[in-house]
Amino acid sequence: MTKLNQIIAVEKGVKSKSLQDTTAAHHKVQKTALLAGISRTYQPKNEEGEQLPPESSRVQVKAEDALREMSVSLTRLFDVTATKDWANCTARADVSVDGRVIVPEVPVSYLLFLEKQLTDLHTFVKKLPVLDASESWSLDPSTDWWKTDPVRTIRTKKVPRNHVKAEATEKHPAQVDVYYEDVPIGYWTTVKFSGALPARRVNELLERVEKLQQAVKFAREEANGAEVTDRRVGDAVFGYLFG
């Protein structure tokens with residue numbers, strides 16, 4: 001018995017050959033000179049007249065032949081595609097992770113859909129924001145945000161101070177430099193909040209997505225290993241069209 005994965009393996013080649021054959025047949029029947037033939041002979045009006053040799057050219061392309069050649073190639077394509085599509089209606093497999101069936105009896109077409117969606121999900125999960133590892137975070141039940149412990153810092157203010165370099169004399173004023181000193185005037189208490197995720201959570205999600213991706217691929221391989229019934233659609237179609 002033929003298996004679905006064998007049909008899938010040959011489908012691309014059959015499509016390519018069918019396209020080449022139908023394109024060649026199309027071009028062939030468009031060359032009107034190749035479809036035309038002629039045969040003519042010359043007879044002078046009297047025996048003394050000029051004798052000319054006969055002329056002839058053969059028909060090199062017959063439209064019926066082009067139709068027959070194209071239908072042979074397309075019949076194979078129609079049969080392979082029909083065999084695959086009919087089989088896809090019945091070929092199914094369970095999607096299982098660690099012995100647990102996540103989705104039972106999944107058809108091949110839906111397994112292909114799942115594969116694409118899980119690839120997009122993997123990209124999304126991989127780029128999820130992660131909590132800053134340099135901070136210590138805990139979940140605040142009142143807001144459902146992550147938060148850090150309070151950190152107290154001093155608020156300072158620059159206050160000008162005078163430094164007397166030389167005392168005043170009768171002849172000269174005092175020489176004074178002005179500098180600024182940071183003087184504590186209060187305290188900041190800071191708590192940081194975040195809606196990001198712990199790295200552990202992101203890694204767990206990635207692992208789940210990757211496990212499910214593998215399970216879907218295994219299920220697709222299992223479904224594609226199902227035996228199929230070869231379908232003969234092409235003869236019926238082209239028997240009607242060109243018969």
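In what follows, every heavy atom counts, from backbone to side chain, and hydrogens, waters and symmetry copies are set aside.
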Measure the shortest side-chain to side-chain distance between [X] and [Y] over non-hydrogen atoms and say whether it is less than 4.5 angstrom.
X    : Y    : result
K15  : L77  : yes
K17  : L19  : no
Y179 : H163 : yes
V237 : L74  : no
P107 : R92  : yes
W137 : T148 : yes
L118 : V216 : yes
V61  : D65  : no

Taken to the nearest 0.5 Å, the spacing of K3 NZ from I8 CD1 works out to 13.0 Å

Reported CH2-to-OG1 distance for the pair W86 and T229, which is rounded to 0.5 angstrom
11.5 Å

What verdict does the salt bridge (charged side-chain N to carboxylate O under 4.0 Å, His left out) test give for R40 and E55, after you've listed the backbone C-alpha separation in whole Å, the side-chain angles of each residue and the deciding distance to 0.1 Å?
CA-CA 5 Å; R40 64 176 185 169; E55 296 178 0; 2.7 Å; yes

For T75 against S71, the heavy-atom pair lying closest together
OG1-O, 2.5 Å

Between [X] (side chain) and [Y] (backbone), is there a donor-acceptor pair under 3.5 Å?
X    : Y    : result
D21  : S73  : no
S18  : V14  : no
D94  : V101 : no
Q117 : L114 : no
S96  : G99  : no
D140 : S142 : yes

Decide side-chain contact (heavy atoms from CB on, under 4.5 Å) for R231 and D79; before the verdict, give the C-alpha distance in whole Å, the side-chain angles of both, and the deciding distance to 0.1 Å.
CA-CA 6 Å; R231 302 286 172 175; D79 290 349; 5.8 Å; no

Treat each ILVMFWY residue as a node, draw an edge where side-chain heavy atoms are under 4.5 Å apart, and state whether [X] and [Y] are in one component.
X    : Y    : result
L111 : L4   : no
Y110 : I102 : yes
W145 : L197 : no
L205 : F124 : yes
V72  : L241 : no

Criterion side-chain contact (heavy atoms from CB on, under 4.5 Å) on T156 and V183, from CA distance to verdict:
CA-CA 5 Å; T156 61; V183 177; over 6 Å; no

Can you see whether S134 engages D132 through a side-chain donor-acceptor pair at a distance of less than 3.5 angstrom?
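Looking only at side-chain atoms, D132 and S134 do form a donor-acceptor pair, the distance falling under 3.5 Å.
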
Would you check if there is a donor-acceptor pair between the side chains of H122 and Q213 at a distance under 3.5 Å?
no

I'd like to know if [X] and [Y] make a salt bridge, using a cut-off of under 4.0 Å between side-chain N and carboxylate O.
X    : Y    : result
D182 : K157 : no
R161 : E181 : yes
E69  : K28  : yes

Quick one, E135 with K192, criterion salt bridge (charged side-chain N to carboxylate O under 4.0 Å, His left out). Give me CA distance, side-chain angles, the key distance, then yes/no.
CA-CA 9 Å; E135 301 279 2; K192 295 181 181 179; 2.8 Å; yes

Is the ring pair F238/F78 parallel, tilted or perpendicular, if the boundaries are 30 and 60 degrees?
tilted

Does atom CD of E64 have more than 12 heavy-atom neighbours, drawn from other residues, nucleotides or ligands, at distances under 6.0 Å?
no

Candidate pair V202 and R200, rule side-chain contact (heavy atoms from CB on, under 4.5 Å), full reasoning
CA-CA 6 Å; V202 174; R200 181 185 69 255; over 6 Å; no

For side-chain contact (heavy atoms from CB on, under 4.5 Å), just list the numbers for E11 and K84, CA-CA rounded to whole Å, side-chain angles, deciding distance to a tenth of an Å, and then say yes or no.
CA-CA 9 Å; E11 182 186 25; K84 183 197 74 171; 3.0 Å; yes

